[in-house]
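In what follows, a structure is listed as structure tokens, so that the remarks can point back to it.
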Amino acid sequence: MDTLPPKAPDLRRLLGPLVSHGVDFVLIGGMAGIARGSNYPSYDLDIAYARDAANVKRLVAALEEIEVRLRGAPPDLPFQLDERTIENGANFTFVTPFGDLDVLADVAGIRSYEELTSAAEERDVFGYSVHIASLSHLIAMKRAANRPKDRNMLEEYLVLADRLRRVQEKSDRS
Amino acid sequence: MTPGQLLREARHRHGVSQQDLAIRAGTTQSAISRIESDRLSPTFQTLQELLYLLGEDLRLVAEKRDAGIDQTLIDERLQMNESERLDYGMAFANQVIEMSPLPKREGWEA
């Protein structure tokens with residue numbers, strides 16, 4: 001990471017429009033890891049989204065409300081936020097007034113969105129019902145990304161998974 | 001330890017030359033040499049057979065790895081619900097950003 005954003009994302013402001021527009025998405029990345037119990041900091045919000053036309057339409061509406069702009073793109077590069085743009089691309093990294101937002105259709109380490117969402121768990125996050133990727137899928141993503149920071153996080157996720165399993169076993173016994 | 005190092009040390013413990021081990025295994029000295037110098041990665045079965053021919057058993061052991069992760073921190077997070085963890089994560093990220101010597105982008109501009 002060469003630069004840091006000026007502040008961490010405001011998840012309430014980013015998740016709100018996504019949920020209110022009914023976007024079919026799964027929380028992934030570092031924030032999903034934190035939601036699962038990780039201690040590694042994360043400086044953006046990553047989501048994976050369903051690629052069907054109806055969902056892309058809802059996603060565009062949510063992104064308009066969030067006022068996204070392309071991150072790292074030259075200021076004079078035109079960017080038309082509409083369904084065609086989303087359908088012609090797959091993964092987008094945005095800057096928003098509420099922090100950095102990455103919107104991904106192709107996620108390294110994940111075989112399909114359907115597989116990702118079927119294993120995700122629905123949780124209450126700041127009053128919103130949000131699907132959070134399974135720890136196993138987060139592990140698969142970190143394994144695929146394989147940068148030094150990903151390998152460190154992978155190790156923590158493995159320990160976390162063990163811990164959660166023991167907690168579950170203890171709960172099952174009592 | 002690499003498979004090559006494992007084999008070389010076992011062979012030395014038993015005072016067997018590469019040539020003698022090759023003969024026992026029906027292979028060539030150069031194949032043994034390539035394994036011991038890690039130029040050739042043997043299968044588990046090959047390494048097992050070579051060690052057997054030295055009078056040793058190769059066992060696969062899966063052990064818990066000490067990755068240096070502080071489990072007390074994990075336990076602290078697990079006491080929280082998802083929203084509390086994410087609030088903690090945002091606050092922590094902001095602390096890191098504030099303290100980091102890395103340059104920060106201005107505002108929310110791209």
Side-chain angles (χ1 to χ4, degrees), chain A residues 1-12 15 27 30-45 67 69-75 77 79 93-100 121 123-128 130 132 151-152 154-160 162-164 167, chain B residues 1-6 37-47 58-110:
Chain A
M1 181 181 294
D2 298 321
T3 61
L4 286 169
K7 59 182 177 180
D10 182 339
L11 300 186
R12 291 173 176 82
L15 291 172
L27 183 63
M31 287 299 178
I34 290 168
R36 291 281 182 204
S38 166
N39 284 281
Y40 275 96
S42 178
Y43 308 100
D44 61 10
L45 176 65
E67 299 176 26
R69 294 177 53 202
L70 284 180
R71 188 164 79 237
L77 182 74
F79 176 67
T93 57
F94 294 120
V95 61
T96 85
F98 315 114
D100 290 352
E121 290 177 302
R123 288 284 186 270
D124 180 289
V125 175
F126 307 132
Y128 302 114
V130 174
I132 302 173
R151 290 193 289 273
N152 289 339
L154 173 60
E155 292 287 0
E156 192 210 26
Y157 287 4
L158 292 170
V159 171
L160 179 57
D162 260 358
R163 205 66 164 179
L164 287 169
V167 168
Chain B
M1 177 177 283
T2 67
Q5 290 170 329
L6 186 73
S37 59
D38 296 315
R39 283 175 289 149
L40 178 66
S41 183
T43 64
F44 179 83
Q45 287 82 1
T46 297
L47 188 59
L58 177 62
R59 294 197 181 93
L60 270 182
V61 177
E63 296 180 322
K64 189 171 178 59
R65 179 171 62 253
D66 180 2
I69 302 297
D70 186 342
Q71 298 204 19
T72 60
L73 289 176
I74 288 178
D75 288 344
E76 284 178 18
R77 297 291 82 70
L78 294 181
Q79 298 301 313
M80 302 174 169
N81 64 34
E82 284 80 1
S83 298
E84 290 168 337
R85 290 173 198 159
L86 287 165
D87 262 334
Y88 173 87
M90 286 188 282
F92 184 37
N94 278 325
Q95 280 184 356
V96 174
I97 290 168
E98 195 173 317
M99 293 164 59
S100 172
L102 290 172
K104 284 94 179 169
R105 292 201 315 268
E106 292 296 321
W108 292 113
E109 298 306 308

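Scope of the values below: all heavy atoms of this structure, side chains included, with no hydrogens, waters or symmetry mates.
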Ignoring hydrogens, what is the shortest heavy-atom contact between [X] and [Y]? Give both atom names and the distance.
| X | Y | result |
| --- | --- | --- |
| B:Arg85 | A:Ile34 | O-CG2, 3.1 Å |
| A:Ala8 | B:Met90 | CB-O, 3.5 Å |
| A:Tyr43 | B:Ala93 | CE2-O, 3.6 Å |

Need one label for [X]: side chain, backbone, both or neither, based on atoms under 4.5 Å from any heavy atom in chain B.
| X | answer |
| --- | --- |
| A:Asp124 | both |
| A:Arg36 | backbone |
| A:Ser38 | backbone |

Taking everything shown except B:Gln71 itself, do over 12 heavy atoms lie less than 6.0 Å from its CD?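 Counting other residues, nucleotides and ligands, CD of B:Gln71 exceeds 12 neighbours.
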
Within a 6.0 Å radius of atom CZ on B:Arg59, are there more than 12 heavy atoms belonging to other residues, nucleotides or ligands?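 For B:Arg59, atom CZ is not crowded (no more than 12 foreign heavy atoms under 6.0 Å).
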
Quick one: pull up [atom1] in [X] and [atom2] in [Y] and give me the separation to the nearest 0.5 Å.
| X | Y | atom1 | atom2 | answer |
| --- | --- | --- | --- | --- |
| A:Asn39 | B:Ile74 | CG | CD1 | 6.5 Å |
| B:Ile69 | A:Tyr40 | CD1 | OH | 4.5 Å |
| B:Lys64 | A:Asp162 | NZ | CG | 4.0 Å |
| A:Arg163 | B:Asp75 | CZ | CG | 4.0 Å |
| A:Ile132 | B:Leu86 | CD1 | CG | 6.5 Å |

Could you check which of A:Gly30, A:Gly33, A:Pro41 has the highest count of heavy-atom pairs closer than 4.5 Å to chain B?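 That would be A:Pro41.
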
Residue among B:Glu84, B:Glu82, B:Lys104, B:Gln95 with most heavy-atom pairs under 4.5 Å to chain A: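 Top option by heavy-atom pairs under 4.5 Å: B:Glu82.
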
Less than 4.5 Å apart, side chain to side chain, heavy atoms only: is that true for B:Arg105 and A:Asp100?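 When only atoms from C-beta onward are counted, A:Asp100 and B:Arg105 do touch, with a gap below 4.5 Å.
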
Give a yes or no on whether the backbone of A:Lys7 and the side-chain of B:Asn94 come within a donor-acceptor separation of less than 3.5 Å.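 Such a contact is absent between B:Asn94 side chain and A:Lys7 backbone.
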
Which atoms of B:Asp87 come close to chain A, meaning under 4.5 Å heavy atom to heavy atom: side chain ones, backbone ones, both, or neither?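 Both the backbone and the side chain of B:Asp87 come within 4.5 Å of chain A.
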
Is chain A contacted by the side chain of B:Ile97, its backbone, both, or neither, given a heavy-atom distance below 4.5 Å?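 Both parts, backbone and side chain.
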
